[in-house]
2 protein chains.
Amino acid sequence: MMSQCYCTSLRNAARRVTALYDEAIAPVGVNIAQFALLRSIARGEPVALTELAKRTDLDRSTVGRNIRVLEQMGLVAMSRGKDQREVSVSLLDRGRRTLDEGAPLWDAVQARIEARMGTAAAHALRAALHNL
Amino acid sequence: MMSQCYCTSLRNAARRVTALYDEAIAPVGVNIAQFALLRSIARGEPVALTELAKRTDLDRSTVGRNIRVLEQMGLVAMSRGKDQREVSVSLLDRGRRTLDEGAPLWDAVQARIEARMGTAAAHALRAALHNL
DNA sequence: TCATAATGCGGGTATATACCCGTATATAGT
DNA sequence: ACTATATACGGGTATATACCCGCATTATGA
């Protein structure tokens, strides 16, 4: 049954779609949130936690904690920069490999979703979400 | 910047919209996830955790934990039924009051979102999310 | 009836997420 | 140069969420 609440609809959709992406990307050993975070880092390294939080629109403490997991997994490295307050995050080789190997998996699930909804509807959805 | 990833777009939108609803509903002392859960209970009480999980499309353990918070808040009651395995959840008076008092706040934020997107776009979004 | 299977939970573990507070470092203004 | 302020984190705390495992209870079938 379809919820009448935009928020609930969104939350449900996000959970369901997250599960889809998680499953698709699982072979490379990360979930979609981690994959997205790796991509954000790749968009410009090294990057400080606060800057990464801005890029992802997440709370800084959230980013810090999520990054720590990626660090434990050996995908990224954290280090202090010139400004001793900042923590610089960079991709390690394994992180880069994860991105490379995950890309086609991501493409596939992305395409699967577009196919299921229709390209036009998919783009409309994306625009709507953006304008929310 | 708009993410190219449906999943990331959805997750971001869900977070942002959740924050909106949370803020709107805060005066009655619950967040939107809790409010939605209360509503699910109200849809038919008493209700077992597994049934509630089906209604909300959440994992049963998630529902159990979330319900426990509502119980601590004095909004719902948990009890064993005829089938000793089942845990029956019912609304307490305070829970019902929370629903009543929250309803107009929910209406308001819902209307605010429709106004911002336009009714047609909002309905299209909801349909798209549902078909996802 | 008695063993087996199915069902319903609870708890452990883990991630994602946010907010607040305290501490360390850097910057600015006097 | 020194103080006041701003910035960057880390950790505490809390919710939401899922998956898996084990235990208790019920239902099934031989």
Side-chain angles (χ1 to χ4, degrees), chain A residues 7-8 10-23 25-26 29-38 40 46-73 75 78-89, chain B residues 7-8 10-23 25-26 29-38 40 46-73 75 78-89:
Chain A
C7 189
T8 302
L10 263 175
R11 293 169 64 85
N12 288 345
R15 278 188 303 102
R16 287 200 308 270
V17 172
T18 294
L20 270 182
Y21 277 74
D22 278 352
E23 191 185 355
I25 206 95
V30 293
N31 63 32
I32 189 61
Q34 294 167 335
F35 191 72
L37 191 49
L38 286 175
S40 298
V47 57
L49 292 184
T50 295
E51 165 63 18
L52 201 47
K54 274 179 198 150
R55 281 187 200 171
T56 56
D57 196 37
L58 292 172
D59 188 84
R60 192 192 44 64
S61 69
T62 297
V63 171
R65 288 180 163 109
N66 292 356
I67 285 291
R68 222 176 304 160
V69 174
L70 294 179
E71 188 192 27
Q72 306 276 296
M73 297 170 82
L75 303 180
M78 299 172 82
S79 63
R80 296 276 166 176
K82 280 169 279 195
D83 187 331
Q84 288 290 298
R85 294 170 304 180
E86 285 187 356
V87 169
S88 285
V89 182
Chain B
C7 187
T8 302
L10 264 175
R11 293 168 64 84
N12 288 344
R15 278 189 302 104
R16 287 199 308 269
V17 172
T18 294
L20 270 182
Y21 277 74
D22 279 351
E23 191 186 354
I25 206 95
V30 293
N31 63 33
I32 189 62
Q34 294 167 335
F35 191 73
L37 191 49
L38 286 176
S40 298
V47 57
L49 292 183
T50 294
E51 164 63 18
L52 200 48
K54 273 178 198 150
R55 282 188 201 172
T56 56
D57 195 36
L58 292 172
D59 189 85
R60 192 193 43 68
S61 69
T62 297
V63 171
R65 288 178 163 111
N66 294 354
I67 285 292
R68 223 175 304 160
V69 175
L70 294 180
E71 188 192 29
Q72 304 277 296
M73 297 169 81
L75 303 180
M78 300 173 81
S79 63
R80 298 275 168 177
K82 280 171 280 197
D83 187 332
Q84 288 291 299
R85 293 171 302 181
E86 285 187 355
V87 169
S88 285
V89 182

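Below, read A as the first sequence line, B as the second, and so on, with proteins coming before strands; counting in each chain starts at 1.
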* Pairwise distance CG(Asn31(B)) to CD1(Ile25(B)) - rounded to 0.5 angstrom -> 9.5 Å

* **N/O (side chain, Arg80(B)) to phosphate O (OP1/OP2, dG8(C)) under 4.0 Å** => no

* To the nearest Å, give me how far apart CZ (Arg68(B)) and P (dA14(D)) are. => 15 Å

* **Nearest-angstrom distance from the residue atom CG of Asn12(B) to C1' of dA18(C)** => 14 Å

* Base, sugar-phosphate, or nothing for Arg11(A), non-hydrogen atoms under 4.0 angstrom? -> sugar-phosphate

* Structure fact -> Here the distance between atom P of dA14(D) and atom CG of Asp59(A), to the nearest Å, is 17 Å

* Distance, nearest 0.5 Å, that separates CG of Leu38(A) from CD1 of Ile67(A) -> 7.5 Å

* Report the distance from atom CZ of Arg15(A) to atom CG of Asn12(A), rounding to the nearest 0.5 Å. => 4.5 Å

* Can a side chain N or O of Asn31(B) be found less than 4.0 Å away from OP1 or OP2 on dT15(D)? -> no

* To do: Could you tell me whether the phosphate oxygens of dA16(D), OP1 or OP2, come under 4.0 Å of any side-chain nitrogen or oxygen in Thr62(B)?
  => no

* **Side-chain N,O (Gln84(B)) to OP1/OP2 (dT7(C)) below 4.0 Å** => no

* Asked: Taking the nucleotide of DNA chain D with the closest heavy atom to each, which residue, Val69(B) or Ser88(A), is nearer the 5' end?
  -> Ser88(A)

* With nearest nucleotides of DNA chain D determined for Asn66(B) and Glu86(A) from heavy-atom distances, which residue corresponds to the more 5′ nucleotide? -> Glu86(A)

* Structure fact -> Closest to the 5' end of DNA chain C, once Arg65(A) and Leu49(B) are matched to their nearest nucleotides, is Leu49(B)

* Asked: Please give, in whole Å, the distance from dA18(C) C1' to Glu23(B) CD?
  -> 14 Å

* Nearest-Å distance for atom pair CD1/C1', residues Ile32(B) and dA18(C) -> 17 Å

* Asked: How is Ser61(A) classified with respect to the nucleic acid when contacts are heavy atoms under 4.0 Å: base, sugar-phosphate, or nothing?
  -> base

* Asked: Under 3.5 Å, is there an N or O donor on one side and an acceptor on the other linking the side chain of Arg85(A) and the base of dT7(D)?
  -> yes

* To do: Measure from CG on Leu10(B) to P on dA16(C) and round the result to the nearest Å.
  => 17 Å

* Take atom CD of Glu23(A) as the centre, draw a 6.0 Å sphere, and report whether it contains more than 12 heavy atoms from other residues, nucleotides or ligands. => no

* Hey, what do you get for CG (Leu37(A)) to OG1 (Thr8(B)), rounding to the nearest 0.5 Å? -> 10.5 Å

* To do: Give Ala48(A) one of three labels, base, sugar-phosphate or nothing, depending on what nucleic acid heavy atoms sit under 4.0 Å from its own.
  => sugar-phosphate

* Length of the line joining Asp57(A):CG and dT17(C):P, which is rounded to integer Å -> 11 Å

* Asked: Between the side-chain atoms of Arg60(A) and the base atoms of dG11(D), is any donor-acceptor pair under 3.5 Å?
  -> no

* **Atom-pair distance (OH on Tyr21(A); P on dA16(C)), nearest Å** => 17 Å

* **Below 4.0 Å: OP1/OP2 of dA16(D) and any side-chain N or O of Arg15(A)** => no

* Structure fact -> So OG of Ser88(A) and CD of Glu51(A): to nearest 0.5 Å the spacing works out to 11.0 Å

* To do: Quick one: label Asp83(A) by what it contacts on the DNA or RNA (base, sugar-phosphate, nothing), any heavy atom closer than 4.0 Å.
  => sugar-phosphate

* Asked: So what does Thr50(B) hit on the nucleic acid, given a heavy-atom distance under 4.0 Å: a base, only sugar-phosphate, or nothing?
  -> sugar-phosphate

